[in-house]
Structures are given as structure tokens and as C-alpha cells.
Amino acid sequence: DSPGRHEGEKGPKQGDLTFIDPIEGDISCNFGQLYGVLHLGLDYEPEDDKVFASEAGTVVTLLERGGYGLMLEIDHGSGFVTRYAHLDSASVAIGDRVEQGQVIATAGQSGNVDEKTLHFEIRVDGLAYNPRYYLD
């Protein structure tokens, strides 16, 4: 499935970066307008709790952040950062180097969700873009 025209524009080219789905499961909520606000990523309904690094990089953020709950960010270089939210726990720390596909966390219900969810964003220079344009 490709993003719809109301699901944001494609951001900058990712060069050699290749992003994979961060969890096994179906997408339960897309990028785009949701209840009058812009939903800045994809929400997954996990089949399994394991959350994977979508691409290799360095963990730069790990904190509780309001509606995001427990949130983790990985810097991939060239301005690209992936964000993983509503986590139950993390198995990495700030400054850790991670490889693509490495288990970095477990999905949970932290923040403003009622059921186990993984919220996933791809940001470039701080701006969120629809991850569907980048996922392999």
C-alpha cells in the first residue's frame, strides 16, 4: 500500500538508509489527519512485543514524554531519526549503537493509548514524514 495524497508528502531521499518495519503486526492507524490533529506516524497493533531498530544508528533519546509514554529515538545520520513510542520497556540506553533488526524495546500501553500499541515515526531534520514512503 502506498500513502494516500492526504497522508503527507515524501520527505528527503534517504540515501543508503533502508528502513524496515519496527515490529511484527498490522498498522492500526496511519499518518495523517486524525480527529482534527495531525497523527505524525504509524501505529502498529503488535503480534509480538519485540520492537526492532528500523535501521542502524545511535540511541539519542529515552524518556517518558506525555502522550507518547516511554519514547526512544535513534539517530541514523543525515538528519534521519526514528521515534518509537508507547513502549513498556527499553533494552538499550542513550549512546548505544544498534544494528538494523536488533531488539531495542517492548511494545506497551504507556502514554495515551488504551491497548498495546507501537507508535513509529521517521523524522528528517526534526520534521515528521510518512514512514510508508521509507519502509522497505
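Bear in mind the structure is a predicted one, so any value in this text is a computation, not a measurement. Hydrogens, waters and symmetry mates play no part in the numbers below; they use all other heavy atoms, side chains included.
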Just so I know, are the side chains of [X] and [Y] near enough to count as touching, which here means a heavy-atom distance under 4.5 Å?
| X | Y | result |
| --- | --- | --- |
| Ser54 | Ile74 | no |
| Phe31 | Arg132 | no |
| Glu47 | Ile23 | no |
| Asn130 | Leu42 | yes |
| Phe52 | Ile104 | no |
| Val98 | Val59 | yes |

Can you tell me if [X] uses its side chain to pair, donor with acceptor, with the backbone of [Y] under 3.5 Å?
| X | Y | value |
| --- | --- | --- |
| Gln100 | Thr18 | yes |
| Thr58 | Arg97 | no |
| Thr106 | Asp49 | no |
| His119 | Asp43 | no |
| Ser91 | Val103 | yes |

Quick check: is [Y] connected to [X] through a chain of hydrophobic side chains (ILVMFWY, heavy atoms under 4.5 Å apart)?
| X | Y | result |
| --- | --- | --- |
| Ile94 | Leu87 | yes |
| Leu135 | Tyr129 | yes |
| Phe80 | Leu127 | yes |

*asked:* Looking only at the side chains, is there a donor atom on one of Glu121 and Tyr68 sitting less than 3.5 Å from an acceptor on the other?
replied: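 Their side chains do contain a donor-acceptor pair, which is all the 3.5 Å distance test asks for.
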Contact summary for [X] and [Y], nearest pair of heavy atoms:
| X | Y | answer |
| --- | --- | --- |
| Ala107 | Pro46 | CB-CG, 3.8 Å |
| Tyr44 | Pro22 | OH-CD, 3.5 Å |
| His39 | Asn30 | ND1-O, 2.9 Å |
| Val92 | Leu62 | O-CD2, 3.4 Å |
| Leu72 | Ala90 | CD1-CB, 4.0 Å |

Going from [atom1] on [X] to [atom2] on [Y], what distance comes out if it is rounded to the nearest 0.5 angstrom?
| X | Y | atom1 | atom2 | value |
| --- | --- | --- | --- | --- |
| Leu40 | Ile122 | CG | CD1 | 13.0 Å |
| Tyr133 | Lys13 | OH | NZ | 13.0 Å |
| Gln109 | Asp114 | CD | CG | 8.0 Å |

*Given Tyr134 and Glu55, is the side chain to side chain donor-acceptor pair (under 3.5 Å) satisfied, shown in steps?*
CA-CA 11 Å; Tyr134 294 101; Glu55 172 60 286; over 6 Å; no
*Does Lys116 pair with Asp88 as a salt bridge, N-O distance under 4.0 Å?*
no
*Is the count of non-hydrogen atoms from other residues, nucleotides or ligands lying under 6.0 Å from Asp16 atom CG greater than 12?*
no
*Pair listing, salt bridge (charged side-chain N to carboxylate O under 4.0 Å, His left out) test, anchored in residues 59-76, at least two apart*: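 Applying salt bridge (charged side-chain N to carboxylate O under 4.0 Å, His left out) to every pair that reaches into residues 59-76, excluding sequence neighbours, yields Glu73-Arg83.
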*asked:* Using the side chain to side chain donor-acceptor pair (under 3.5 Å) criterion, which residues pair with Thr82? Sequence neighbours excluded.
replied: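 Counting only residues at least two positions away or on another chain, Thr82 forms a side chain to side chain donor-acceptor pair (under 3.5 Å) with His76, Tyr84.
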